Amino acid sequence: MQSRRRLIRFAHRGASALAPENTFSAFREAAEHGCDWIETDVRLTSDLVPVLIHDERVDRTTGARGAVGKMTLRQVRRLDAGSWFGHRFRGERIPTLDEALEWSRHRCGLNLEMKEEDRREEAIHRVIRSVAAHAAADRVLFSSFRAEDLLRIRAALPRVRLGWLVSRTSRGLKPLDRRAGLFALHPKDSLVTPRLVRRCLRMGLAVHVWVVNRPERLAQLEAMGVRGVMTDDPRVFSP
């Protein structure tokens, strides 16, 4: 009897239950716990450098105040992105995309979600340029809620993996797949049903679900045929 394939393990913003999100401490925890991919978020500084941070503002995760897009890279690099999570993470810095691409080499893949709003096209251009410069297309999975983002990325990087993020409905999946050549659907956990998974499998698409932190739910999704799961705490994958 053929054994079931292991679920693909995504660390949501790194191992964000164990270390401050979107930092190298969280990325290292993810790698040490056997994660295959790190899901992280990309925004631009005022001098157009892609950095990894979820929120539009730095307030929640640095103790400082202000919008990422109004700060230079030098200003962003001076921020403490770790103390809010715990004293031992004091001095943790916000990584640049280039640093993360270099760090992830031979460790794991990067699932990049485009967060930039005001300079969306410029952000996509800058991120594509970084990925191409690091020859990292085979180690990157781009995800976005916006179909137009995925189409732009596909035009520039014909071989890169694309995942469509959905939180309410997957309507329009088939035409988007025809145009963009999707690798996967990334549905919110509450949206996942056996019917949706079967539909994706018939289309040849993987299903990567976000965000799952309960072992019992993990087993349910695996039984449906889900291919990968994003979690804040990679210990959820432990037997």
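Values reported hereafter were calculated over all heavy atoms of this structure, with side chains retained and with hydrogens, waters and symmetry mates removed. Keep in mind that this is a model prediction, so the values were computed, not measured.
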(request) Go through Asn111 and Met230 one step at a time and tell me if the side-chain contact (heavy atoms from CB on, under 4.5 Å) criterion holds. (result) CA-CA 10 Å; Asn111 177 185; Met230 303 182 195; 3.6 Å; yes

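- A distance-only check finds no donor-acceptor pair linking the side chain of Trp37 to the backbone of Gly109 [under 3.5 Å].
- Across Cys108 and Trp103, no two heavy atoms sit closer than the pair SG-CZ3, 3.9 Å.
- In terms of the side-chain contact (heavy atoms from CB on, under 4.5 Å) criterion, residue partners of Ala26 (sequence neighbours excluded) are, by chain and number, Ala19, Thr23.
- With sequence neighbours left out, the side-chain hydrogen bond (donor to acceptor under 3.5 Å, both in side chains) criterion links Arg43 to no other residue.
- Here the side chains of Arg227 and Cys200 are not in contact, with every heavy-atom distance at 4.5 Å or above.
- Atom CD in Glu117 sits 11.5 Å away from atom CG in Leu44 (nearest 0.5 Å).
- Residues Thr62 and Ile94 have side chains in contact (heavy-atom distance under 4.5 Å, counting atoms from C-beta outward).
- Minimum heavy-atom separation, Cys35 to Pro234: SG-CB, 3.5 Å.
- Applying the ring-ring contact (aromatic ring centres under 6.0 Å, His included) test to Phe183 and every residue at least two apart in sequence or in another chain returns nothing.
- Residue pairs satisfying the salt bridge (Lys or Arg N to Asp or Glu O under 4.0 Å) criterion with at least one member in residues 53-67, sequence neighbours excluded, are listed as follows: Glu21-Arg60, Asp55-Arg60, Arg57-Asp59, Asp59-Arg65.
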(message) With side-chain contact (heavy atoms from CB on, under 4.5 Å) as the criterion, how do Leu18 and Asp233 come out once you've worked through the C-alpha distance, each side chain's angles and the decisive distance to 0.1 Å?
(response) CA-CA 7 Å; Leu18 306 178; Asp233 189 349; 4.0 Å; yes

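- The minimum heavy-atom distance linking Phe145 with Leu165 is given by the pair CD2-O, 3.2 Å.
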(request) Take Thr72 and Thr45 through the test side-chain contact (heavy atoms from CB on, under 4.5 Å) and record every step on the way to the result. (result) CA-CA 5 Å; Thr72 64; Thr45 61; 5.8 Å; no

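- Among residues at least two apart or in separate chains, salt bridge (Lys or Arg N to Asp or Glu O under 4.0 Å) pairs with a member in residues 69-90 are Arg77-Glu99.
- In this structure Ser167 satisfies the side-chain hydrogen bond (donor to acceptor under 3.5 Å, both in side chains) test with no other residue, sequence neighbours excluded.
- Applying the salt bridge (Lys or Arg N to Asp or Glu O under 4.0 Å) test to residues at least two apart or on different chains, the pairs with a partner in residues 28-39 are Arg6-Asp36.
- Side-chain atoms of Arg120 never come within 3.5 Å of backbone atoms of Asp149 as a donor-acceptor pair (strictly under, hydrogens ignored).
- With salt bridges taken as basic N to acidic carboxylate O contacts below 4.0 Å, one links Arg126 and Glu122.
- Considering only residues two or more places apart in sequence or on other chains, Arg119 meets the side-chain hydrogen bond (donor to acceptor under 3.5 Å, both in side chains) condition with none of them.
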Donor-acceptor contacts, no H, no angles, side chain residues 206-216, under 3.5 Å, sequence neighbours left out:
unit_1, atom_1, unit_2, atom_2, d
His208, ND1, His186, NE2, 3.0
Trp210, NE1, His186, O, 2.9
Trp210, NE1, Pro187, O, 3.4
Asn213, OD1, Thr231, OG1, 2.8
Asn213, OD1, Asp232, N, 2.9
Asn213, ND2, Asp232, OD2, 3.0
Arg214, NH1, Glu216, OE2, 3.0

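- For the pair Ala15 and Ala11, the tightest heavy-atom approach, listed with the atom from each and the gap, is N-CB, 3.9 Å.
- No path of Ile, Leu, Val, Met, Phe, Trp and Tyr side chains, each step under 4.5 Å between heavy atoms, connects Val49 with Ile124, placing them in separate hydrophobic clusters.
- Distance check: Leu176 CG to Leu182 CG gives 4.5 Å after rounding to the nearest 0.5 Å.
- Two different hydrophobic clusters hold Leu79 and Phe27 under the rule that ILVMFWY side chains link at heavy-atom gaps under 4.5 Å.
- To the nearest 0.5 angstrom, His54 atom NE2 is 5.0 Å from Asp41 atom CG.
- Put simply, the side chain of Leu173 reaches to within 4.5 Å of the side chain of Leu205, judged on heavy atoms.
- Here the closest heavy-atom approach between residue Ala147 and residue Trp164 is recorded as N-NE1, 4.5 Å.
- In terms of hydrophobic clustering, with Ile, Leu, Val, Met, Phe, Trp and Tyr side chains grouped at heavy-atom distances under 4.5 Å, Val229 and Leu201 are assigned to a common cluster.
- In this structure, CG in Leu73 is found 11.0 Å from CG in Leu48, a value given to the nearest 0.5 Å.
- Applying the salt bridge (Lys or Arg N to Asp or Glu O under 4.0 Å) test to every pair with at least one member in residues 172-193, sequence neighbours left out, gives these pairs: Asp189-Arg217.
- Atoms CZ and CG, from Phe237 and Leu7 in turn, are 6.5 Å apart once rounded to the nearest 0.5 Å.
- Note: Leu52 CG to Leu110 CG = 7.5 Å, rounded to the nearest 0.5 Å.
- A continuous path of hydrophobic side-chain contacts links Leu162 to Val42 [ILVMFWY only; heavy atoms under 4.5 Å].
- A donor atom on one side chain and an acceptor atom on the other are found under 3.5 Å apart for Thr40 and Asn22.
- Partners of Arg154 according to the side-chain hydrogen bond (donor to acceptor under 3.5 Å, both in side chains) rule, which considers only residues two or more places apart in sequence or in another chain, do not exist here.
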(message) Would Leu112 and Val140 count as a side-chain contact (heavy atoms from CB on, under 4.5 Å) here? Give the steps.
(response) CA-CA 7 Å; Leu112 304 177; Val140 168; 3.9 Å; yes

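- For residues 132-142, the side-chain hydrogen bond (donor to acceptor under 3.5 Å, both in side chains) pairs, not counting sequence neighbours, are Asp98-His134, Ser104-Arg139.
- Considering only heavy atoms from C-beta on, Leu196 comes within 4.5 Å of Leu185 through its side chain.
- The heavy-atom pair separating Ala156 from Ile128 by the smallest distance is CB-CD1, 3.6 Å.
- Each of Ile53 and Leu97 belongs to its own hydrophobic cluster when Ile, Leu, Val, Met, Phe, Trp and Tyr are linked at side-chain heavy-atom distances under 4.5 angstrom.
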